[in-house]
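Just so we're on the same page: letters track the sequence lines, and every chain starts at 1.
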Amino acid sequence: MPELPEVEILVRHLAPLIRSQRIRAVLVNRPKVVGPTPVPEFQRALRGATFERVSRRGKYLLFTFCPRRRSGRRVLVGHLGMAGRMYLLPATAPLPKHTAVVLELGRNRFVFEDTRYFGRLTLDTGGVDRLGPEPISDGFTQGNFARALARSGQAIKVRLLDQSLVAGIGNIYASEALFRARISPRLPARRLKPEQIRRLWQAIRATLAEAIRWGSTVALNYSGAGERDGLFYFGRDPDAPDFYEERLRVYDRAGQPCRNCGTPIRRLVQAARSTFYCPKCQV
DNA sequence: CACCATGTTCCTTG
DNA sequence: CCAAGGAACATGGT
């Protein structure tokens, strides 16, 4: 599901719901997702702790909490992987099939559900430490971006997925940003001209910001039995069956007309992942 | 059955 | 040592 915009929307959604909530019990159904933190350590650290803030770094969620007794604060790191979801559920509601972790909050439960168990909810901050700059921040400069690209002969689409180059872009927004910048996904990174780098830098920020804005306007439903399409960019409004298409310009649109020129969008495989692009608009 | 899927990490190859 | 490619992880949808 989740790239930077989706995680940002989720963080904004969760922040007021869990602030000041005390964790009364910690249930770990899938030890793998809290790893490499050992389950007993995970439970000991969180039991009795109180949530303080939620923020985002790249595709990671950062939950700041106050431990039960010791002073200071600590951080719980979340990552949704491919299909993870985090949401509050009434304590009386049944837990979903692929529940990985549950934090009992009293009236509600904080549920981490992940059908594929690729996600994480852990005390280990290793992944976060390796991230590059936030794309929508002063830390992401055209100069740094240009220097990083100059060192690589890898296709630009594949480079954009490297979280140490810039944090938060995934397979969907990599294609979308390149379309917006009118750059071929196959172009080797070091072959981008300064003008293209400038356009791509701008397109990344605009694409992500637009997705966040869009997500902010959509009614969210992260949980709920039978609501398997709750994440907003795969969500569907029953009254507008094609609104998903209106939002993404190239992703998953192979064979459909480019919104600029009408040429059929093409799919290609790079680093074992699908890329979508317009062969006419993107050079 | 075959192939596809929003992500990351580890292993191999050059 | 580094860059690049591919498999693995686990499950579900089409």
Please tabulate, one pair per line, each protein N/O and nucleotide N/O from nucleotides 1-3 of chain B that are separated by under 3.5 Å, including the distance.
none

Distance in angstrom units between A:D114 CG and B:dG7 C1', rounded: 10 Å
Distance-only donor-acceptor check, side chains A:T275 and A:S175, under 3.5 Å: no
Side-chain N or O of A:Q163 closer than 4.0 Å to phosphate OP1/OP2 of B:dG7: no
Ion pair check, A:E104 and A:R24, cut-off under 4.0 Å: no
Single hit among A:E210, A:Q282, A:Q202 for side-chain hydrogen bond (donor to acceptor under 3.5 Å, both in side chains) with A:R180: A:E210
Rounded interatomic separation in angstrom, taking CZ from A:R159 and C1' from C:dC2: 12 Å
N/O (side chain, A:R30) to phosphate O (OP1/OP2, C:dT11) under 4.0 Å: yes
Side-chain donor/acceptor of A:R273 to base of B:dA5, under 3.5 Å: no
A:S152 side-chain N/O to C:dC2 phosphate OP1/OP2 under 4.0 Å: no
Between A:Y60 and A:Q163, a side-chain donor and acceptor under 3.5 Å: no
Value in whole Å for how far the C1' atom of B:dT8 lies from OH of A:Y117: 18 Å
Touch class at under 4.0 angstrom, heavy-atom based, for A:F118 against every strand present: base
Please tabulate the protein-to-nucleotide N/O contacts below 3.5 Å involving nucleotides 9-13 of chain B, giving atom names and distances.
residue, atom, partner, partner atom, Å
B:dT9, OP1, A:R130, NH1, 3.3

Distance in angstrom units between A:L61 CG and B:dG7 P, rounded: 14 Å
Whole-angstrom distance between B:dT9 and C:dG12, as gauged at atom C1': 22 Å
Side-chain donor-acceptor contact under 3.5 Å, A:D124 with A:T122: no
Residue from A:R186, A:R267, A:R253 passing side-chain hydrogen bond (donor to acceptor under 3.5 Å, both in side chains) with A:Y277: A:R186
Face-on cation placement of A:R74 at A:F65 ring, 6.0 Å and 45° thresholds: no
Whichever of A:A271 and A:R151 has its nearest DNA chain C nucleotide further upstream toward 5': A:R151
Which residue lies more 5' along DNA chain B, comparing A:A272 with A:H79 via nearest heavy atoms: A:A272
Phosphate OP1/OP2 of C:dG12: any A:K97 side-chain N/O under 4.0 Å: yes
Lys/Arg cation over aromatic A:W201: A:R199, 6.0 Å, 45° cone: no
Listed nucleotide nearest any side-chain atom of A:K32, set B:dA5, B:dG7, C:dA10: C:dA10
Ring geometry between A:F63 and A:F110 (parallel below 30°, tilted from 30 to 60°, perpendicular above 60°): perpendicular
Test item: side-chain donor near acceptor, A:T99 and A:E113, under 3.5 Å: no
d(CZ, A:R116; C1', B:dA5) in whole Å: 6 Å
Nearest-nucleotide pick for A:M82, side chain only, options being B:dC4, B:dT8, B:dG7: B:dG7
Atom pair distance, as rounded to whole Å: CG in A:D252 and P in B:dC4: 13 Å
Rounded distance in Å - CG (A:L80) to P (B:dA5): 20 Å
Residue A:K59, side-chain atoms from C-beta onward, closest of B:dA5, B:dT8, C:dA4: B:dT8
Sugar-phosphate only, base, or nothing, as touched by A:G153 at under 4.0 Å among non-hydrogen atoms: sugar-phosphate
A:R205 atom CZ, neighbour heavy-atom count above 12 within 6.0 Å: yes
Separation of atom NE2 in A:H98 from atom C1' in C:dC9, rounded to whole Å: 15 Å
Identity of whatever pairs with C:dA10 - Watson-Crick or G-U, under 3.5 angstrom: none
